[in-house]
Protein chains: 2
Amino acid sequence: MERQRETIELSKARQPAEIGPARLDRQEHSTGTLGKALEVLDLIAHAPKPLRFTDILHQLNQPRGTLHRQIANLIEEGLVELNPDHSYAPGIRLLNLAARAWSKNSFRSIAEPHVRALHEATGETVHLGQVTDIQVVYLDKFESIQTVRMHSQVGNASPLYCTGIGKAMLALLPEDELDARVKRIEFNRHTQSTLYTAELLLSELDEIRRTGISHDREEHEPGIRCVAAGIGSFQSGTIAGISVTAPAFRIDEEMLVAWEKLVVKAARAIEADMKSKLGPRHQE
Amino acid sequence: MERQRETIELSKARQPAEIGPARLDRQEHSTGTLGKALEVLDLIAHAPKPLRFTDILHQLNQPRGTLHRQIANLIEEGLVELNPDHSYAPGIRLLNLAARAWSKNSFRSIAEPHVRALHEATGETVHLGQVTDIQVVYLDKFESIQTVRMHSQVGNASPLYCTGIGKAMLALLPEDELDARVKRIEFNRHTQSTLYTAELLLSELDEIRRTGISHDREEHEPGIRCVAAGIGSFQSGTIAGISVTAPAFRIDEEMLVAWEKLVVKAARAIEADMKSKLGPRHQE
DNA sequence: AAATGTCGTTCCATTATTTGGAACATAGTT
DNA sequence: AACTATGTTCCAAATAATGGAACGACATTT
């Protein structure tokens, strides 16, 4: 589609589909217009600082007119907002949609009592997360003390390779799937103890598979440790995890062991509930 | 586009744009494919119970093939998820997008310290809301006690006519804009004291404009009262509101007066902050 | 077991929408 | 005033979406 205009004079008729092999390495299904619009939205949503029109233009390499209309559509739909200084921000309609997504998420609502119970049993911060490609998205969070806002994490995404939940989820993947995803991970050494190569990660995953417990030993943020367990399986279609997080100084060996047991117990309880509440409808 | 197939034999060339008058009563700008996709997403997100393919088909009155591809695209993009029982739910990618929208929302972050201060001064639940067409969307919430989940309201929408914040925001609208929106309101009598006609509402808005304070006297939910004030103006482009909510039995006259003052003070403080933090960039 | 109905999926010529390039507009700078 | 970077509009050409029908998979009825 790029710079080919000069050469197509001879064959203006559209090529029939069987010529196709050129698009071997493309994504499976293009989602067409929707995908392009979301590319813009994602860029706006994930930008570290507010983007102006030209910033987006340069990052996406699209014609001005096209991008302009795409953004106009996004604004019209309330997915993007135009700031007074001509920068763009994601729109509050997203909040509304997400509120529905959150309350309707059956996995989250099934897990909720167990997440709460784990929080009450440990008194520490408990996270519930779900895998999305090569990230963990936090579905829920019970904060230890209400100093930080509860929202701080729900809906946010973190890397898989340096979080307790993330590693627990990776350990649930079958080998081929795991390899495919690990290849796409971009390792960053967040702290001294971050597992910063695929090799280190894979050998840690072996350990996690054996014990059923995953640890974050200050691998993502200095001073923060966590204990996590995976939930679900690749076959079941749900791959998630639950974790207890606390400052490193507050944790001693005895508590660690206790938490491990509680976290695993919670994970198994959630799995059991899922089977009884979702399985029947699926299998009957 | 409907049943015209037989008649267009003679003019296959596309009509030039100046013929346009046929589309007089259409919406301003059609957002094309994006709008259609969001129609489906909205339906799935706002349905009281999980929808299956055919449910959506009947509600949207579209050809099967078309709808099928639209949903497939939404799923491919992670905006919709397919449950094991073949029903659809909004996807967790929405959570991720919304988390960004929330943290990047400049109005919300400017207001946050004032919302928190109001919460601490009153000890009651404080809401921050923003107008969206004929609804109020809650941007933030500080709960009185942490019994209910904090998420319960953020991102959710309520009617304008029967909530304290909603009425406060309506009172900020210029007359023509107000009329246009009130016309589209569908009044429901949630409680005995709900203002259930446009007349009742408009005369209440007069009162709110005079005093600068809006009350919800158990108009939305029995036993729940609130005191609210509007923030911003139609001209400034921000129309929002802040409120203190409490069970009716807990409120006496003295507190009510105190809250009114505090709420108005918070609203004015937020407006001042907005001017100093957003205005400059805009005007300089 | 066969027949019927419902539901979800696939296909493809027709039709409508998006695209891309350029021209036009509007600040902000030298 | 000229220059630059930015935002907006336009339209033929390229592309994607549509709509109808046919297909397959199940479930229910005869």
Side-chain angles (χ1 to χ4, degrees), chain A residues 1-9 11-18 20 23 26 29-40 51-76 82-88 281-284, chain B residues 1-9 11-20 22-23 26 29-40 51-58 60-76 80 82-88 281-284:
Chain A
M1 171 195 317
E2 197 168 43
R3 295 293 92 76
Q4 300 187 352
R5 205 81 88 74
E6 301 85 347
T7 73
I8 58 167
E9 297 288 340
S11 62
K12 8 173 67 165
R14 234 184 331 132
Q15 309 266 19
E18 57 273 25
R23 63 180 60 170
R26 288 295 302 272
H29 305 278
S30 168
T31 53
T33 309
L34 178 63
K36 292 168 204 159
L38 283 175
E39 215 173 309
V40 177
L51 298 175
R52 290 199 330 292
F53 182 83
T54 322
D55 301 325
I56 304 175
L57 189 62
H58 290 144
Q59 293 197 47
L60 290 183
N61 237 53
Q62 273 183 313
R64 299 168 103 78
T66 299
L67 179 63
H68 188 265
R69 183 180 30 74
Q70 285 172 335
I71 296 182
N73 285 343
L74 287 169
I75 291 178
E76 176 84 13
L82 178 56
N83 296 329
D85 68 335
H86 279 236
S87 67
Y88 298 101
R281 205 184 306 175
H282 185 36
Q283 306 270 12
E284 78 187 350
Chain B
M1 172 194 319
E2 197 167 46
R3 293 296 90 78
Q4 301 187 352
R5 205 83 86 74
E6 301 81 4
T7 73
I8 58 166
E9 297 288 340
S11 63
K12 9 173 63 165
R14 209 138 45 92
Q15 310 266 18
E18 55 272 25
I19 298 211
R23 61 179 61 171
R26 287 294 304 272
H29 305 276
S30 168
T31 53
T33 310
L34 179 63
K36 292 168 204 159
L38 283 175
E39 215 174 308
V40 177
L51 299 175
R52 289 201 327 293
F53 182 85
T54 321
D55 301 325
I56 304 175
L57 189 62
H58 289 144
L60 289 182
N61 237 53
Q62 273 183 312
R64 301 166 100 79
T66 299
L67 179 64
H68 187 265
R69 184 180 28 73
Q70 286 171 335
I71 295 180
N73 284 343
L74 287 169
I75 290 178
E76 177 83 13
V80 165
L82 177 57
N83 296 329
D85 67 336
H86 279 235
S87 68
Y88 297 101
R281 206 183 307 173
H282 187 33
Q283 308 268 12
E284 77 186 347

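Per chain, numbering begins at 1; letters A, B, ... match sequence-line order.
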Please determine whether a side-chain nitrogen or oxygen atom of [X] lies at a distance below 4.0 Å from atom OP1 or OP2 of [N].
| X | N | result |
| --- | --- | --- |
| A:H68 | D:dG7 | no |
| B:T54 | C:dG8 | yes |
| A:K36 | D:dT15 | no |
| B:Q62 | D:dA17 | no |

Nearest-angstrom distance from the residue atom [atom1] of [X] to [atom2] of [N]:
| X | N | atom1 | atom2 | result |
| --- | --- | --- | --- | --- |
| A:D55 | D:dT6 | CG | P | 8 Å |
| B:L82 | C:dC7 | CG | P | 16 Å |
| A:L60 | C:dT18 | CG | C1' | 16 Å |
| B:R52 | C:dT9 | CZ | C1' | 16 Å |
| A:L57 | C:dG20 | CG | C1' | 12 Å |
| B:I56 | C:dT9 | CD1 | P | 11 Å |
| A:I71 | C:dT19 | CD1 | P | 12 Å |
| A:E76 | C:dT18 | CD | P | 13 Å |

Close side-chain approach of A:T33 and B:L34, heavy atoms under 4.5 Å |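 No, too far: nothing below the 4.5 Å cut-off.
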Among [options], which nucleotide has an atom closest to any side-chain atom of [X]?
| X | options | value |
| --- | --- | --- |
| A:R69 | D:dG7, D:dG19, C:dT19 | C:dT19 |
| B:T33 | C:dT19, D:dG7, D:dA17 | D:dA17 |
| B:P63 | D:dG19, C:dG8, D:dT18 | D:dG19 |
| A:H58 | D:dT6, C:dT10, D:dG7 | D:dT6 |

Relative to the 5' end of DNA chain D, which residue comes earlier, B:G65 or A:H86, by the nucleotide with the nearest heavy atom?
->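 In this pair, the answer is A:H86.
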Between the main-chain N or O of A:Q70 and the side-chain N or O of A:N73, is there a donor-acceptor pair closer than 3.5 Å?
->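 Between the backbone of A:Q70 and the side chain of A:N73 there is no qualifying donor-acceptor contact (under 3.5 Å).
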Short question: side chain of A:H68, backbone of A:R64 - any donor-acceptor pair under 3.5 Å?
->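 No.
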About how many Å separate CG of B:L60 and NZ of B:K36, when rounded to the nearest 0.5 Å?
->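 Those atoms lie 12.5 Å apart.
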Presence of donor-acceptor pair under 3.5 Å, side chain of A:R64 and base of D:dG7 |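 When only heavy-atom distances are counted, A:R64 does reach the base of D:dG7 through a donor-acceptor pair under 3.5 Å.
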Which of these, B:I56, B:D55, B:V40, sits in a side-chain contact (heavy atoms from CB on, under 4.5 Å) with B:Y88?
->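 Of all the options given, the one that passes is B:I56.
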